[in-house]
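Here's the structure we're looking at; comments come further down.
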There are 2 protein chains.
Amino acid sequence: MQQTLTIGKLAKKTNVSIDSIRFYERRGLLAEPMRTEANYRCYPLDTAARLRFIKKAQKLGFSLDEIKGLMDLQHDPDATKADVKAQTKEKIKDILEKIQDLTRMLAALEKLDASCDGHGPTAECPILEALAADDSQGCHH
Amino acid sequence: MQQTLTIGKLAKKTNVSIDSIRFYERRGLLAEPMRTEANYRCYPLDTAARLRFIKKAQKLGFSLDEIKGLMDLQHDPDATKADVKAQTKEKIKDILEKIQDLTRMLAALEKLDASCDGHGPTAECPILEALAADDSQGCHH
DNA sequence: ATAAACTCTTGACCATAGTCTAGAGTCAAG
DNA sequence: CTTGACTCTAGACTATGGTCAAGAGTTTAT
């Protein structure tokens, strides 16, 4: 009973596809695991934790590159909590910005929606008219 | 004085790159324009309005395929304002969902951020620990 | 012993929204 | 009339996060 998993077992255990696991390895998010004589990957049990880390960080909006950065920090003896905190704050800023952009879009769309009674042909649809409107007049040189 | 523009003039007028204009044509967002004898595209002036439409709808979060759908509705005599309104409402729903997802991410990240004092090495960083935590215990079969 | 299930590598492919390159042809200004 | 700016096509390349297929080898179950 060695404490290792085949890629298939690891995939099932973590709900991450075999292809994704190999993809993460290529991208440097997972270390290259030991191999059996037949060249099969055999993963130590804690690789599952690493995959959990990846999936959770992904849900929080980190890209694979950013996740790699976080995991590298984790194993860098010279890295500080402040480094991790800085990346977290960076991400918070990103997300706030996205929320603001989406809120503006939402307001614009709701205004369009309210302007249209929803009856008749598209010929004079205020939504389409608003999108087609030429506001290039706003900036004369 | 024909009322047409070369692709370069159109690009400058609309701030859309020449490559993007040709790309939109390939994707069916712009009709194939007339050509000169030398096979140069010559655009009627109102193509600029169509490009404005595309860019505005894009800012509102519509994908190119969705924008194509909207523009097709615009010229379909059987399409109704209700069709446009339905797509707008669909988009509003999408955007609300995205905002909710991002808001949840934000809350999670802010909680992580607050849990870390930002001093010392990463060894016991609560942010990294939270990401690494195994919550698979929540679901025993 | 043999078939099913698993794994390996390499490389192509998906969507999205473009950008860039090469090589050829065209147009305008000096 | 030549040089520089513009345009043409086809196809490759970017980033992101994977998925899929082919063809070969391995392991497991019956």
Side-chain angles (χ1 to χ4, degrees), chain A residues 1-2 4-30 32-43 47 50-71 91 94-95 98 101 105, chain B residues 1-2 4-30 32-43 47 50-71 91 94-95 98 101 105:
Chain A
M1 60 175 253
Q2 312 100 289
T4 61
L5 298 168
T6 61
I7 196 168
K9 299 264 170 65
L10 181 62
K12 230 159 243 156
K13 199 174 152 126
T14 57
N15 269 308
V16 175
S17 79
I18 290 177
D19 281 325
S20 293
I21 292 172
R22 287 197 280 238
F23 176 71
Y24 294 157
E25 183 182 323
R26 283 201 297 285
R27 287 299 216 69
L29 279 95
L30 292 178
E32 294 186 15
M34 299 288 108
R35 300 293 184 117
T36 66
E37 268 109 90
N39 202 31
Y40 280 24
R41 289 170 180 81
C42 45
Y43 290 99
T47 306
R50 221 167 151 82
L51 280 171
R52 268 195 305 279
F53 185 109
I54 293 169
K55 284 300 164 188
K56 258 191 224 174
Q58 229 175 5
K59 262 186 212 144
L60 290 176
F62 289 92
S63 71
L64 293 185
D65 274 1
E66 287 165 339
I67 295 168
K68 178 164 157 49
L70 281 173
M71 293 196 300
K91 216 57 208 163
D94 284 1
I95 291 177
K98 278 185 196 163
D101 286 348
M105 285 180 207
Chain B
M1 60 175 252
Q2 311 99 291
T4 62
L5 298 168
T6 62
I7 196 168
K9 299 267 170 63
L10 182 61
K12 230 158 244 156
K13 198 175 152 126
T14 57
N15 269 309
V16 175
S17 79
I18 289 177
D19 281 325
S20 294
I21 292 172
R22 286 195 282 238
F23 177 69
Y24 294 157
E25 183 181 323
R26 284 200 296 285
R27 289 292 285 278
L29 279 97
L30 292 178
E32 294 186 16
M34 297 289 108
R35 300 294 184 115
T36 65
E37 267 108 90
N39 202 32
Y40 281 22
R41 289 169 180 82
C42 45
Y43 290 100
T47 306
R50 220 167 151 84
L51 282 171
R52 267 194 307 276
F53 185 109
I54 293 170
K55 284 300 164 187
K56 256 190 227 173
Q58 231 176 0
K59 262 186 212 141
L60 290 176
F62 289 92
S63 71
L64 293 186
D65 274 1
E66 288 166 338
I67 294 168
K68 178 165 158 44
L70 282 173
M71 293 196 300
K91 216 57 209 164
D94 284 2
I95 291 177
K98 279 185 194 160
D101 287 348
M105 286 180 205

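Remember, predicted model here, so these are calculated numbers, not experimental data. Below, all heavy atoms of this structure are taken into account, side chains as well, without hydrogens, waters or symmetry copies. To find a chain, count down the sequence lines: A is the first, B the second, and so on, and within it residues start at 1.
- In this structure, the CD atom of B:Glu32 is 9 Å from the P atom of D:dT9, given to the nearest Å.
- Closest to the side chain of A:Ser20, out of C:dG25, C:dG18, D:dG18, is D:dG18.
- Side-chain N/O atoms of B:Arg41 include none lying less than 4.0 angstrom from OP1 or OP2 on D:dT7.
- Looking only at side-chain heavy atoms (C-beta outward), A:Thr47 and A:Leu5 stay at 4.5 Å or farther from each other.
- One can place CD1 of A:Ile18 at 8 Å from P of C:dC6, the figure rounded to the nearest angstrom.
- For the OP1/OP2 pair of D:dG18 and a distance below 4.0 Å, the side-chain nitrogens and oxygens of A:Tyr24 include at least one atom meeting the criterion.
- Between the side chain of A:Tyr40 and the base of D:dG25, at least one donor-acceptor pair of N or O atoms lies under 3.5 Å.
- Computed from coordinates, the B:Arg26 CZ to C:dG18 P distance equals 11 Å when rounded to whole Å.
- If you check D:dT7, C:dA17, C:dT19 against the side chain of B:Ser63, the one that comes closest is C:dA17.
- We find that CZ of B:Phe23 is positioned 9 Å from P of C:dT19, with the value rounded to whole Å.
- Of the charged side-chain nitrogens involved, at least one lies within less than 4.0 Å of a carboxylate oxygen, so that B:Asp94 and B:Lys91 count as a salt-bridged pair.
- Across all non-hydrogen atoms, the minimal contact from B:Tyr43 to B:Ile21 is OH-CG2, 3.4 Å.
- Residues B:Lys12 and A:Ile54 both approach DNA chain D. Their nearest nucleotides, taken by heavy-atom distance, put B:Lys12 toward the 5′ side.
- Between A:Glu25 and A:Pro33, the closest heavy-atom pair is OE1-CD, 3.5 Å.
- OP1 or OP2 of C:dT7 lies within a sub-4.0 Å distance of a side-chain N or O belonging to A:Thr6.
- Taking OG1 of A:Thr14 as the start and CD1 of A:Ile54 as the end, the distance is 9.5 Å to the nearest 0.5 Å.
- Remark: side-chain polar atoms of A:Arg50 are paired, donor with acceptor, to backbone N or O of A:Leu29 under 3.5 angstrom.
- The distance from atom CG of B:Asn39 to atom P of D:dT9 is 6 Å, rounded to the nearest whole Å.
- Of the candidates C:dG18, D:dG17, D:dT9, D:dG17 carries the atom nearest the A:Gln58 side chain, counting heavy atoms from C-beta on.
- OP1 or OP2 of D:dT26 has not a single side-chain nitrogen or oxygen of A:Arg35 nearer than 4.0 Å.
- Residue B:Arg27 has its side chain nearest to C:dT16 when only D:dG18, C:dT16, D:dT9 are considered.
- Rounded to an integer number of Å, the gap from B:Glu25 CD to D:dA10 C1' is 14 Å.
- Mapping B:Ser17 and B:Asp65 onto DNA chain C via the closest heavy atom, the residue that lands nearer the 5' end is B:Asp65.
- In this structure, the CG atom of B:Leu30 is 12 Å from the P atom of C:dG18, given to the nearest Å.
- Nucleic acid contact class of B:Arg22 (heavy atoms, under 4.0 Å, all strands): base.
- If you take NZ of A:Lys55 and P of D:dG18, they are 4 Å apart, rounded to a whole angstrom.
- Sequence order on DNA chain C of the closest nucleotides to B:Phe62 and B:Asp19 puts B:Phe62 first from the 5' end.
- Residue contacts shown for B:Thr36 are absent, as no nucleic acid heavy atom lies under 4.0 Å away.
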